[in-house]
Amino acid sequence: MPSEPWEIIHEIVPTPTSHKKNDVSRKSLTSLEKVMFKQDDYGFDKYQKPLSHKMNYNWMTMEKEEIADFLKYLQCEEDRKADVIHMLKMGLRSDVPKDYIELALELLTIEGTGK
């Protein structure tokens with residue numbers, strides 16, 4: 001019987017037996033590349049030209065605005081995680097845990113980008 005929670009998870013969801021030191025970095029970069037290319041497509045469709053340093057923008061101001069938005073998105077995701085944890089804990093104490101699990105799953109599977 002596993003003694004730690006992550007050992008239980010590995011029994012339910014098997015993971016590869018060998019991990020290389022760069023696996024997480026490689027996965028992150030692949031994911032980021034897909035998002036960046038999607039953003040390139042979105043920007044090109046919207047403005048009919050690719051992004052260039054020669055465009056008449058204040059890049060530093062835009063960078064600060066994007067960082068501010070990123071931090072707000074991060075806070076929202078942290079709040080969502082806290083809500084999911086709270087719902088699952090409530091489910092443990094409930095006679096009807098399925099209701100809480102469904103609510104938690106609903107929060108975890110929200111899709112959309114607002115575009």
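What you are looking at is a predicted structure, and each value in this text was computed from that prediction instead of being measured.
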Quick one: [atom1] on [X] to [atom2] on [Y], what's the gap to the nearest 0.5 Å?
X: Lys27; Y: Leu32; atom1: NZ; atom2: CG; result: 14.0 Å
X: Lys46; Y: Gln39; atom1: NZ; atom2: CD; result: 10.5 Å
X: Trp59; Y: Leu51; atom1: CH2; atom2: CG; result: 4.0 Å

Identify the heavy atoms of [X] and [Y] that sit nearest to each other, and give their distance.
X: Pro97; Y: Gly91; value: CB-O, 3.2 Å
X: Lys49; Y: Phe44; value: C-CD1, 3.3 Å
X: Tyr100; Y: Met87; value: CB-O, 3.3 Å

With distance as the sole test, does Asn58 use its side chain to make a donor-acceptor pair with the main-chain N or O of Thr61 at under 3.5 Å?
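Looks like yes, one N/O pair under 3.5 Å.
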
Any side-chain to backbone donor/acceptor pair from Ser94 onto Met90? Under 3.5 Å, distance only.
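Flag not set: sc Ser94 to bb Met90 has no pair under 3.5 Å.
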
Joint hydrophobic cluster, [X] plus [Y], side-chain heavy atoms closer than 4.5 Å:
X: Leu108; Y: Ile85; value: no
X: Tyr42; Y: Met36; value: no
X: Ile110; Y: Leu88; value: yes

One pair to check against side chain to side chain contact (heavy atoms under 4.5 Å, CB included): Leu71 and Gln75. What are the steps and the verdict?
CA-CA 6 Å; Leu71 292 173; Gln75 184 61 55; over 6 Å; no

Enclosure of Met55 CE (heavy-atom neighbours >12, cutoff 6.0 Å)
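Yes.
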
Salt-bridge present ([X], [Y]; N to O < 4.0 Å):
X: Glu77; Y: Lys81; value: no
X: Asp69; Y: Lys72; value: yes
X: Arg26; Y: Asp23; value: yes

